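A short write-up of the structure that comes next.
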Amino acid sequence: MTYIVGLTGGIGSGKSTIADLFAELGVPIIDADIVARQVVAKGSPLLSDIVQHFGEKVLLENGELNRAYLRERIFQNEAEKSWLNNLLHPAIREEMLRQLYSQTSDYVIWVVPLLIENNLTTLCQRILVVDIEPQTQILRASRRDQNKVAMIENIMKSQVDRQTRLSFANDIIDNNGDLAETLPLLKQKVLELHHLYTELARK
Ligand code: ATP
């Protein structure tokens, strides 16, 4: 039985940054966003289903999924959106569980942006929240993707609020400080948690 540590946080909070620090310690990372891309990879059965439904235009010239086109097709079209979600969600869930339970390490870090929103907390033995101030979240997320602030605020509104997220946490990593200064501290905190999770998993 794999000991699963769910790692979550709002958009731009630093989930990938923190997951990378666990990966440096040799901990396997299963990232929900990556699995979501794997299930529709070039040549996958799911991608064929999508092509059958939306037509060849949904493919890029190199045979990969044209995400921008697909997004446009489901934008404000509830029927198409549900069709796609009904196809993808069970497949993503199944593939995530397969990857989680095939690990042989003491524990695994499972990075899920919508862990709480999608009621996935019950699959975790422990929940680690990356916490930052909403203002910093907006700043970092908009700088990274050159996204409009309004768009990031909308995504934040669709996610649980900071207090709700924190109420689910067994452990919290404060990522408010600037990486240039706080990286050694973050590494120390991750190392402490690594020892804790290893111990808990072996119990
Ligand atoms: P998302 O859910 O939006 O994919 P995330 O939670 O995985 O984001 P990251 O991608 O790790 O967050 O971080 C968001 C951006 O902020 C990245 O550009 C990252 O380099 C930067 N960042 C993360 N932590 C810090 C920090 N402590 N100081 C400065 N920049 C940071």
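In listed order, ligands and their atoms are each counted from 1. Quick caveat, the model's predicted, so the values are computed rather than measured.
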- Query: So which protein residues pack against ligand 1 under 4.0 Å, heavy atoms counted?
  - Reply: G10, I11, G12, S13, G14, K15, S16, T17, R140, R144, N175, G177, D178, L179
- Residues in ring-ring contact (aromatic ring centres under 6.0 Å, His included) with H53, at least two apart? W83
- Note on the structure: With sequence neighbours left out, the residues meeting salt bridge (Lys or Arg N to Asp or Glu O under 4.0 Å) with D106 are R202
- Message: Walk me through whether E95 and Q99 qualify under side chain to side chain donor-acceptor pair (under 3.5 Å).
- Response: CA-CA 6 Å; E95 177 59 16; Q99 292 190 15; 2.8 Å; yes
- Item | T2 side chain vs L100 backbone, donor-acceptor pair below 3.5 Å | yes
- Message: Treating N175 as the side-chain partner and S13 as the backbone partner, does any N or O pair qualify as donor plus acceptor under 3.5 Å?
- Response: yes
- Message: Which Ile, Leu, Val, Met, Phe, Trp or Tyr residues join I109 in one cluster when any pair of side-chain heavy atoms under 4.5 Å counts as a link?
- Response: Y3, V5, L7, I18, L21, F22, L25, V27, I29, Y107, V111, L128, V130, I173, L179, L183, L186, V190, L191, L193, L196, Y197, L200
